[in-house]
Amino acid sequence: GKGRVHLSLGCIAVFLVSKNGETEAVVEITGFYLHFVAMVTGHRVSSQGDLGRRFQTPGLGCSHRSLCICPRWEEEKKEDGVKWTQLEHRGPYFAPLYEPLPDDVQFYYNGKPLKLSLATEEIATFYAKMLDHEYTTKEIFQNNFFNDWRKEMTSDEQKIIKDLDKCDFREIHKYFVDKSEARKALSKEEKQKLKEEADKIQEEYGYCILDGHREKIGNFKTEPPGLFRGRGDHPKMGMLKRRIMPEDVVINCSKDSKIPEPPEGHKWKEVRFDNTVTWLASWTENIQNTLKYIMLNPSSKLKGEKDWQKYEVARRLKDVVHKIRAQYQADWKSKEMKKRQRAVALYFIDKLALRAGNEKEEGETADTVGCCSLRVEHIRLHPELDGQEHVVEFDFLGKDSIRYYNKVSVEKMVFKNLQLFMKNKDPSDDLFDRLNTSILNRHLQSLMDGLSAKVFRTYNASITLQEQLKALTNSEDNVAGKLLSYNRANRAVAILCNHQRSTPKTFEKSMQNLQAKIDAKKQQVEEAQEELKKAEDDNVEKKKKLLKRLEEQLDKLNVQATDKEENKQIALGTSKLNYLDPRISIAWCKKFGVPIEKIYNKTQREKFAWAIDMADEDFEF
DNA sequence: GTCCCGACTTAGTATACGGCCA
DNA sequence: TGGCCGTATACTAAGTCGGGAC
C-alpha cells in the first residue's frame, strides 16, 4: 500500500485485507508481545510514523481475542477538545474507616489517662503515628495540628486539653509501631492472603473502560485522612486533612455507561458526563481548597498520546530555537524595559532550564520561586569571580523547596541588564517586575504554535541526552560500560534540571559493601595472576581465561562504584520519566545492542510502549 | 491586565516487594 | 528460612498553563 507498516518484536506477518473497499491491517503474532504499531487504513501514514494504532491487550467490550483491532469509530478523529466517547468505571475506592484503639492503649493528658471521643481519638492517632518524625518537632506543625484538633474535640475535651505539651501520645505511637512489626512478621500464607485481597480491589476498582479498552487507573483510591505534610517551610504543615466522603466526590463517566454505585447509604456529590476532560472522579481537598482527580495510568493510550505530543512540540522547537535565541539576544538591547526583562528571563529558562515561575499566594504555600518570580535577593552579581567574567550567582528555593545554587558566567549584555533591573530595589522586590508567566507564554505562543516556557526544559533535556549519548558511548565497551555512559548522559540532564534527592539512608553502608566486594575481587585477581605465572604449559590457557573473567568482574564492580558515587544526591528518575524523549533511549539501545530492559523497568516500558513501538535505531530527536 | 480556577504534568519521599545470602 | 538490601511502586504535593470573568 501507500503507507509503511512497522513491525514489532514477535510479529510474524502482516496482511493488508480489503473489506468493503477499506483496507485493514491484520497482524499475526507470536508470543506475548501484544503491543504493535500497524496502520489501519483510512489513515495517512507519514514516513516518520504517526503514533498509529497501538493494539492492546483485549479488555471488556472488545471482541477480539488475542489482539484488539478497534472498531472504526475509535479510529475517527475526535472533535476538538473531546477526549473520549466512552468512559465506564467503578468510582473511587474509599480509604478504610477508622478502627478505634483497643481499651488498653491510652492517651494521657497531664500524666493521667483520658478516654477520647472517637473523632478526637482518630486525629490523635495521626499525630501519634508521626511522633518520631522531624515534623512533630516544628512549632508550625504543632500549632496547626493542635488548632485543627481542638476544633474536632467535644466541648468537654476542649475544656481539658489546652496544651499540646501535656499530651502524651507515646502509648498510641507504640501500638502502631508494634502493629506494623506484626504485619511484617506475618506468615507467608497470611501475607499471600492479604495480597490476594489487594489484588481483588485492584482488579475491581483499578481499571476503567475507555473507548472500548480496559485501561489501568493511576490512583483509584481516595487519599486517607491525616495530617498535611507540606514540603519545605510550609505554613500549613500539620493541618488536618479531612476524610473524603462519597458526598464530596464528583463522578465523571459516559451517560450510557453503568454509573458507579456510591457506597451503601451514601450518594455522590454529582455525576457528570464531560467528555472534554480525562478525569474519572474529583474532590476538593480542604488544605489548599484545590481539586484532586482520579486519572488514568501513564500506560494508557490517552496519556501515552499526550506524552508523545509533548515531545513532538519539543522537536518542533528544535527547528526554530536558533531564531528564537537570536531574537532574545537582540531584545537584550530593546528600548522597552518589558522586552528586556522578557529576553533575559527567557535566556535563563533556555540556558539554565529554569521553570517558568508562576506567582504564588503568600502565606498559603512554602516560599519558592521560578524564573519569572525570582527576587533580587535570589541572585548576586560578580563582575569577576574565579577567573570568569560576569558571573551570576543563583541561590533560591525552587519547586518542592529544592535549593538551586549555581554560578554562571553570562553575556555582558545580560549582566548589564541585571544590574539595571536590580537598581533601586529592595532584596524582596521582584527581579523581573514587568514580567510574569502569562506575558512570557503569550509571547512564546506567538513565536511557535504550542510553545510555552516548559517546552524549553523538555527540549533542552532531550537534546542534551542525545548529544551526551553521542559523545560518551563507546561501541567497544561491554554492556556495563555502555550503561555507565547512559547513566552519565542521564545524569547530565538531571543536573541541568536540578533534580535532587536526599542521600539515601543506606548509602554509606551499601557503598562499604560494594567496596568490600571490590577488595575481595582484587585479591582474587592477584591470586589468579600468581597462578598464571606458575602454570604449566597445558594449563596456561585455562588460567588466562580465568584471570580475564575476574578482571572483567572487577571492572564491572568499579564501574558500579563510580556510578553510585556520582549518583549520590542526584535523582535520575524524574528526567527519565518526564523530560527525555524515550525514543532517544530506545534508538540508542538498538544501535548499541543494549537490551531495553536495562534502561526501562516494566512500568517504564508500559508507559513508553508508544515509543518502543515507534522508534528504530535511526531515530533523531 | 489581573485574578481565579480547573485540568493536567512534574516532583521527591515513604513504603512495599522480592531476590539473594547466611 | 529469615533478614537484609536494592529496586519498584505508591503516594500525594507542587508545579505549569490556559481560559473566563471582571
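Quick note: numbers below take in every heavy atom, side chains included, and nothing from hydrogens, waters or symmetry partners. Here is the naming used below: chain letters follow the sequence lines, and residue numbers restart at 1 for every chain.
- Distance A/Lys191 NZ to C/dT1 P: 13 Å, rounded to the nearest Å.
- Comparing A/Gln500 and A/Asn289, the nucleotide of DNA chain B nearest to each residue sits closer to the 5' end for A/Asn289.
- Note on A/Lys454: a side-chain N or O is less than 4.0 Å away from OP1 or OP2 of B/dT10.
- Atom CG in A/Leu291 sits roughly 6 Å away from atom P in B/dA7 (whole-Å rounding).
- Listed pair A/Thr368 / C/dG15 meets the phosphate criterion, a side-chain N or O lying under 4.0 Å from OP1 or OP2.
- Which of C/dC17, B/dA7, C/dT12 sits closest to the side chain of A/Asn219 comes down to C/dT12.
- Within the nucleic acid shown, A/Ala453 comes within 4.0 Å of sugar-phosphate atoms alone, with no base atom in reach, counting heavy atoms only.
- The side chain of A/His499 has B/dG12 as its nearest neighbour among B/dT9, B/dG12, C/dA14.
- No donor-acceptor contact under 3.5 angstrom links the side chains of A/Asn275 and A/Gln86, judged on distance only.
- Counting any heavy atom pair closer than 4.0 Å across all strands shown, A/Gly573 reaches no nucleic acid atom.
- Among the atoms of the strands shown, only primed sugar atoms or phosphate atoms (P, OP1, OP2) are found under 4.0 Å from some heavy atom of A/Lys338.
- Regarding contacts with the backbone of C/dG15, every side-chain N or O of A/Asn358 stays at 4.0 angstrom or more from both OP1 and OP2.
- The distance between the ring centers of A/Tyr135 and A/Phe141 falls below 6.0 angstrom.
- Checking A/Tyr600 against A/Ser585 by side-chain atom types alone, a donor-acceptor pair falls below 3.5 Å.
- You'll find that the side chain of A/Lys221 is closest to C/dC11, out of C/dT16, C/dC11, C/dA13.
- Comparing A/Glu285 and A/Lys564 by the nucleotide of DNA chain C whose heavy atom lies nearest to each, the residue mapping closer to the 5' end is A/Lys564.
- Nucleic acid contact for A/Ser438: none, since no nucleic acid atom lies under 4.0 Å from a heavy atom of the residue.
- Here C/dA14 is the nucleotide among C/dA14, B/dC8, B/dG12 with the atom lying nearest to any side-chain atom of A/His234.
- Here the side chain of A/Lys310 is nearest to one of B/dT10, B/dA11, C/dA13, namely B/dT10.
- When the shell of 6.0 Å around CG of A/Asp233 is examined, it contains 12 or fewer heavy atoms from other residues, nucleotides or ligands.
- No contact: A/Pro298 has no heavy atom under 4.0 Å from any strand.
- Counting any heavy atom pair closer than 4.0 Å across all strands shown, A/Lys576 reaches no nucleic acid atom.
- Phosphate contact (OP1/OP2 of B/dA7, side-chain N/O of A/Ser282, threshold under 4.0 Å): absent.
- Using a 4.0 Å heavy-atom criterion, one finds that A/Arg355 contacts the sugar-phosphate atoms exclusively.
- A/Ile324 and A/Leu317 get closest at one heavy-atom pair: CD1-CD1, 3.9 Å.
- Contact check, A/Thr574 against B/dG12: a side-chain N or O comes under 4.0 Å of OP1 or OP2.
- Between the NZ atom of A/Lys236 and the C1' atom of C/dA14 there is a distance of 14 Å, given to the nearest Å.
- Classified by interplanar angle (parallel below 30°, tilted 30° to 60°, perpendicular above 60°), the ring pair A/Phe228/A/His234 is perpendicular.
- Position along DNA chain B of the nearest nucleotide to A/Arg442 versus A/Trp279 favours A/Arg442 as the more 5'-ward residue.
- By the 6.0 Å contact criterion, CD on A/Gln523 is open, its count of non-hydrogen atoms from other residues, nucleotides or ligands being 12 or less.
- A/Lys306 places its NZ atom 11 Å from the P atom of C/dG18, with the value rounded to the nearest Å.
- Within 6.0 Å of the CD atom in A/Glu134, the count of heavy atoms belonging to other residues, nucleotides or ligands does not exceed 12.
- When each of A/Asn601 and A/Lys360 is assigned the nucleotide of DNA chain C bearing its nearest heavy atom, the one mapping closer to the 5' terminus is A/Asn601.
- Side-chain atoms of A/Lys292 lie closest to C/dA13 of the nucleotides C/dA13, C/dG18, B/dG12.
- Residue A/Ser502 is classed as a sugar-phosphate contact, given heavy-atom separations below 4.0 Å to backbone atoms only.
- Taking side-chain N and O atoms only, A/Arg457 has a distance below 4.0 Å to OP1 or OP2 of B/dA11.
- Residue A/Lys399 places a side-chain atom within donor-acceptor reach of the base of B/dT10, judged by atom type and a 3.5 Å distance cut-off alone.
- Across all strands shown, A/Thr278 has heavy atoms under 4.0 Å from sugar-phosphate atoms exclusively, and none from any base.
- Taking the centre of each ring, A/Tyr127 and A/His173 stay at or above the 6.0 Å mark.
- Here A/Asn578 does not reach the OP1 or OP2 of B/dT9: none of its side-chain N or O atoms lies under 4.0 Å away.
- Nucleotide C/dG15 holds its C1' atom 16 Å from the CD atom of A/Glu364, rounded to whole Å.
- Comment: A/Asp307 does not engage A/Lys303 in a salt bridge, judged by the lack of any side-chain N to carboxylate O separation of less than 4.0 angstrom.
- Between the C1' atom of B/dA7 and the CZ atom of A/Arg272 lies a distance of 12 Å, rounded to the nearest Å.
- A ring-ring contact (aromatic ring centres under 6.0 Å, His included) with A/Tyr205 is found for one member of A/Tyr93, A/Phe220, A/Phe94 and no other, namely A/Tyr93.
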> Which letters describe nucleotides 16-22 of chain B, given B = protein heavy atom under 4.0 Å from base, S = only from sugar-phosphate, - = neither?
Replying inline: -------
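- One atom, CZ of A/Arg231, and another, P of B/dT13, lie 7 Å apart when rounded to the nearest Å.
- The CD atom of A/Glu134 sits 10 Å away from the P atom of B/dA14 (whole-angstrom rounding).
- Nucleic acid contact for A/Gly370: none, since no nucleic acid atom lies under 4.0 Å from a heavy atom of the residue.
- A/Tyr293 comes within 4.0 angstrom of a base, heavy atoms only.
- Residue A/Arg229 places no side-chain N or O under 4.0 Å from the OP1 or OP2 atom of B/dT13.
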